[in-house]
There are 2 protein chains.
Amino acid sequence: MSERALPYRPHNHQTCVSQALTDAQEICRQQNARLTPIRERVLELIWQSHKPLGAYDILAQLGAEGHKAAPPTVYRALDFLLQYGLIHRISSLNAFIGCAHAGEHHRSTFLICRECGIVLELAVDTVTKAIEAAAKAEAFQVEDITLEISGLCPSCQGNTGHA
Amino acid sequence: MSERALPYRPHNHQTCVSQALTDAQEICRQQNARLTPIRERVLELIWQSHKPLGAYDILAQLGAEGHKAAPPTVYRALDFLLQYGLIHRISSLNAFIGCAHAGEHHRSTFLICRECGIVLELAVDTVTKAIEAAAKAEAFQVEDITLEISGLCPSCQGNTGHA
DNA sequence: CAAAATTTGCAACATTATAACATTTGCAGG
DNA sequence: CCTGCAAATGTTATAATGTTGCAAATTTTG
Ligand SMILES: [Zn+2]
Ligand SMILES: [Zn+2]
Ligand SMILES: [Zn+2]
Ligand SMILES: [Zn+2]
């Protein structure tokens with residue numbers, strides 16, 4: 001698996017998309033899961049940028065390209081993609097983003113730029129360890145961690161809207 | 001400020017409520033903010049348990065006690081309480097919970113029991129430090145942290161629904 | 001091919017949150 | 001007191017997000 005580009009900087013994003021789709025196909029094949037056309041298309045739409053996409057944005061884009069779908073179609077595709085770890089849900093934004101570590105067991109940290117909207121997904125072991133230690137100290141059994149950090153990405157610092 | 005009771009174990013919860021309301025009054029007085037009857041009542045309703053409360057639950061309870069309010073009334077009260085750090089929003093649940101550290105500058109970690117719904121708010125320095133270090137390593141400027149851990153609280157472990 | 005299971009279509013509905021504008025309330029200056 | 005402003009609340013409507021239930025189509029299995 002090749003190194004991923006940093007989302008903030010200009011890069012050949014088509015590579016990100018292709019890689020994500022290829023990985024998804026492989027992951028689904030290994031688990032006998034059916035990456036149907038709709039599911040694959042939704043995944044591709046989510047990967048169209050490094051900004052999270054809302055369910056109704058997906059719905060609108062599907063509609064614009066002729067496939068007039070209803071909400072359940074989109075939510076079911078999203079459920080599938082979540083289940084197989086191909087996307088993540090960003091709770092603080094009610095939106096979805098492609099997983100940058102699909103296939104790898106990981107706990108994610110999301111750095112969300114409030115200015116440009118780009119999200120960087122990290123899997124930092126020290127953070128996970130600190131969180132799990134804190135939970136353990138309270139005898140709490142961790143199942144799922146939602147860690148979303150809002151702020152300014154490197155590109156947007158200094159670009160304070162005084163223009 | 002006295003030590004707080006652990007929410008999982010039986011305790012005189014009225015003490016939690018009284019303390020929260022007293023603290024809120026003091027905090028608002030210091031900042032020349034008006035803790036109006038509606039705002040205070042919403043805060044009290046949120047503190048009625050250690051489980052997060054949805055905006056429409058609040059709305060229903062206000063209605064049940066004669067004050068037939070509309071959504072904006074509740075959301076405005078919630079905005080006020082959020083602004084002055086008297087409550088927190090739990091993004092993963094679309095619900096609100098009383099702040100256990102009102103008046104203290106802190107970064108919160110929420111331990112959310114999926115079984116009983118009780119939420120424990122922690123302010124653990126090692127976690128905060130690890131997160132800030134991870135963000136700094138990416139040159140990301142942190143403004144807000146959402147950290148919500150879902151799992152089983154001590155009381156609910158073992159109570160696996162085979163009854 | 002036929003039965004079973006999964007996936008999709010579709011209509012209605014539920015929940016959460018906000019916009020826009022009118023009215024009331026609290027408070028300061030005259 | 002009362003007048004005028006700003007903050008807070010009331011009211012109505014609507015937007016945004018997410019779910020239920022059932023029917024039709026598709027895929028898998030035997
Ligand atoms: Zn890219
Ligand atoms: Zn940015
Ligand atoms: Zn209590
Ligand atoms: Zn519990």
Side-chain angles (χ1 to χ4, degrees), chain A residues 24-25 28-46 51-84 86-97 117 146 148, chain B residues 24-25 28-29 31-46 51-84 86-97 112 117 146 148:
Chain A
Q25 285 154 7
C28 289
R29 198 191 53 71
Q30 284 177 11
Q31 309 197 37
N32 269 321
R34 292 170 51 197
L35 189 62
T36 63
I38 294 179
R39 292 166 176 173
E40 186 165 20
R41 184 63 186 133
V42 169
L43 180 60
E44 191 175 13
L45 286 173
I46 289 175
K51 305 177 188 180
L53 201 57
Y56 279 75
D57 295 331
I58 294 168
L59 199 56
Q61 294 198 38
L62 285 177
E65 63 194 39
H67 184 156
K68 73 180 186 75
T73 299
V74 170
Y75 280 101
R76 284 189 290 228
L78 291 170
D79 285 345
F80 173 90
L81 297 170
L82 284 170
Q83 186 181 336
Y84 287 93
L86 302 174
I87 61 172
H88 294 286
R89 179 172 206 282
I90 306 294
S91 291
S92 59
L93 298 175
N94 291 336
F96 304 83
I97 192 157
T146 297
E148 300 168 10
Chain B
Q25 285 155 9
C28 288
R29 198 191 53 71
Q31 309 196 36
N32 268 322
R34 291 172 52 200
L35 189 61
T36 63
I38 294 179
R39 292 167 176 172
E40 186 165 19
R41 183 65 186 130
V42 169
L43 180 60
E44 192 175 13
L45 286 173
I46 289 175
K51 305 177 188 181
L53 201 59
Y56 279 74
D57 295 330
I58 295 169
L59 199 56
Q61 294 197 37
L62 286 177
E65 63 194 38
H67 184 157
K68 71 178 188 77
T73 300
V74 170
Y75 280 101
R76 285 190 286 231
L78 290 171
D79 284 346
F80 173 89
L81 297 170
L82 284 169
Q83 187 182 335
Y84 285 94
L86 302 175
I87 62 173
H88 294 287
R89 180 172 207 284
I90 306 295
S91 291
S92 57
L93 299 176
N94 291 335
F96 302 84
I97 192 157
I112 306 168
T146 296
E148 301 169 9

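Numbers restart at 1 for each chain; the letters A, B, ... are given by sequence-line order, proteins then strands. Hydrogens, waters and symmetry mates are skipped; everything else that's a heavy atom, side chains included, is used.
Looking only at distances, no side-chain donor or acceptor of B/Asp79 sits under 3.5 Å from a matching main-chain atom of B/Arg76. Looking at B/Arg39, its side chain does come within 3.5 Å of a backbone N or O of B/Arg34 through a donor-acceptor pair.
One interatomic measurement links the two molecules: CZ of A/Phe80 to P of C/dT6, which rounds to 13 Å at whole-angstrom precision. Rounded to an integer number of Å, the gap from A/Leu78 CG to C/dT7 C1' is 15 Å. Remark: P of D/dT19 and CZ of A/Arg76 are 12 Å apart, rounded to the nearest angstrom. Distance CG (B/Leu59) to P (D/dT11): 13 Å, rounded to an integer number of Å. Regarding B/Phe96, its CZ atom lies at a distance of 16 Å from the P atom of C/dT15, rounded to whole Å. Atom CG of B/Asn32 and atom C1' of C/dC27 are 13 Å apart (whole Å). Rounded to an integer number of Å, the gap from NZ of B/Lys68 to P of D/dG10 is 10 Å. Atoms CG (B/Asp79) and P (D/dA7) sit 16 Å apart, rounded to a whole Å.
What you find for B/Pro52 and B/Gly117 is that their closest heavy atoms are CD-O, 3.4 Å. Closest approach of A/Cys28 and A/Phe80 over heavy atoms only: SG-CZ, 4.0 Å. Nearest heavy-atom pair across B/Ile46 and B/Leu78 is CD1-CD2, 3.7 Å.
Considering only residues two or more places apart in sequence or on other chains, A/Tyr75 meets the ring pair (Phe, Tyr, Trp, His ring centres under 6.0 Å) condition with none of them.
Taking only side-chain nitrogens and oxygens, B/Thr73 never comes nearer than 4.0 Å to OP1 or OP2 of D/dT9.
Comparing C/dT16, D/dT12, C/dC10 by their closest approach to the side chain of A/Ala70 singles out C/dC10. Of the candidate nucleotides D/dT19, C/dT18, D/dT11, D/dT19 has the atom nearest to the side chain of A/Pro71. Of the candidate nucleotides C/dA20, C/dC10, C/dG9, C/dG9 has the atom lying nearest to any side-chain atom of A/His67. When distances are taken from the side chain of A/Asn94 to each of D/dT17, C/dT18, C/dC10, the shortest belongs to D/dT17. The listed nucleotides are D/dC22, C/dT16, D/dT12; the one nearest the side chain of B/Pro72 is D/dT12.
Stacking here means ring centres nearer than 5.5 Å and ring planes tilted less than 30 degrees, and by that measure A/Tyr56 stacks onto D/dT17.
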Is there a side-chain contact (heavy atoms from CB on, under 4.5 Å) between B/Glu148 and B/Ile90? Walk through the geometry before answering. CA-CA 7 Å; B/Glu148 301 169 9; B/Ile90 306 295; 3.6 Å; yes

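DNA chain D lies under 4.0 Å from at least one heavy atom of each of the following residues of residues 33-40 of chain B: B/Arg34, B/Thr36, B/Ile38, B/Arg39.
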